Amino acid sequence: MRSVIQRVKRAKVMVGDRVTGEIGAGLCVLVGVTHGDGAADVEKMARKIAQLKLLRGPDGSDDAGARVCAEESGSPVLLVSQFTLYADVRKGRKPSWSNAAGADVAEPIFNELVLAVRNYGVPVETGEFGAMMDVELVNDGPFTVLFET
């Protein structure tokens, strides 16, 4: 499982003219699922999303010692499934998607991740699995980290 975790001032996902998920200050996380991902990967990813100290402190400070995690602050997370995180572009000009798990595998794992992050007491919004989505965000910092289980 692979993720791009972004600290945001706000973020929103739309499918057509319908908003499927929207948050204020918090984390926008793009999530890719690969073959062989399972329950251990879900728990490891959920814990990292909930407990990684990326968010500004209660006073708005961005000092490393003042930062808090989503679990501590109750800040929301917008989770967006993104199979393209497993694109292989090392050869040629066309990406290969063979490292991305198919929807039959990836969707249940993504849904488990949503529940696992919520189990940390973190409010979670989502995109719509498999849909063509417009993702809008204002990155705070910018502050973006990559994580892979």
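What you see is a predicted model, and the numbers here were worked out from it, not measured in a lab. Counting begins at 1 with the first residue of the sequence.
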With heavy-atom distances below 4.5 Å as the criterion, would you say the side chains of [X] and [Y] are in contact?
{"X": "L54", "Y": "I5", "value": "yes"}
{"X": "R67", "Y": "D62", "value": "yes"}
{"X": "D41", "Y": "R2", "value": "no"}
{"X": "L78", "Y": "K12", "value": "no"}
{"X": "L55", "Y": "V68", "value": "yes"}

Using modelled atom types and a 3.5 Å cut-off, is there a donor and acceptor pairing between side-chain atoms of [X] and backbone atoms of [Y]?
{"X": "E43", "Y": "A40", "result": "no"}
{"X": "Y120", "Y": "A70", "result": "no"}
{"X": "N139", "Y": "F143", "result": "yes"}
{"X": "D59", "Y": "S61", "result": "yes"}
{"X": "S3", "Y": "L30", "result": "no"}
{"X": "R7", "Y": "D140", "result": "yes"}

Let me check something: do [X] and [Y] share a hydrophobic cluster, defined by ILVMFWY side-chain heavy atoms less than 4.5 Å apart, either directly or through other members?
{"X": "V8", "Y": "V124", "answer": "no"}
{"X": "V77", "Y": "L52", "answer": "yes"}
{"X": "V145", "Y": "I49", "answer": "yes"}
{"X": "V138", "Y": "V135", "answer": "no"}
{"X": "L146", "Y": "L113", "answer": "no"}

Test item: side-chain donor near acceptor, S98 and D88, under 3.5 Å: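 Short answer, no.
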Might you point out which heavy atoms bring [X] and [Y] nearest each other, and give the distance in Å?
{"X": "G32", "Y": "L85", "result": "N-CD1, 3.5 Å"}
{"X": "A116", "Y": "A46", "result": "CB-CB, 3.5 Å"}
{"X": "S75", "Y": "A25", "result": "CB-O, 4.1 Å"}
{"X": "A11", "Y": "C28", "result": "CB-CB, 4.1 Å"}
{"X": "M133", "Y": "V13", "result": "SD-CG1, 3.6 Å"}
{"X": "F129", "Y": "S81", "result": "CE1-OG, 3.2 Å"}

Do E22 and R10 sit within salt-bridge range, that is, some charged N less than 4.0 Å from a carboxylate O?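 Not counted as a salt bridge, because no side-chain N and carboxylate O are separated by less than 4.0 Å.
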D37 bridged to K44 by N-O distance under 4.0 Å: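 No, this pair does not count.
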When rounded to the nearest 0.5 angstrom, what distance separates [atom1] in [X] from [atom2] in [Y]?
{"X": "N119", "Y": "R47", "atom1": "CG", "atom2": "CZ", "result": "13.0 Å"}
{"X": "S73", "Y": "K53", "atom1": "OG", "atom2": "NZ", "result": "9.5 Å"}
{"X": "E112", "Y": "E107", "atom1": "CD", "atom2": "CD", "result": "11.5 Å"}
{"X": "L137", "Y": "L27", "atom1": "CG", "atom2": "CG", "result": "11.5 Å"}

Surrounding CZ of R90 (heavy atoms of other residues, nucleotides or ligands, distance under 6.0 Å), is the total greater than 12?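 Open.
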Aromatic ring centroids of W97 and F83 under 6.0 Å?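 Ring centres of F83 and W97 closer than 6.0 Å.
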Which residue in the set V4, T126, L79, V80 passes side chain to side chain contact (heavy atoms under 4.5 Å, CB included) when paired with V31?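 Exactly one candidate clears the test, L79.
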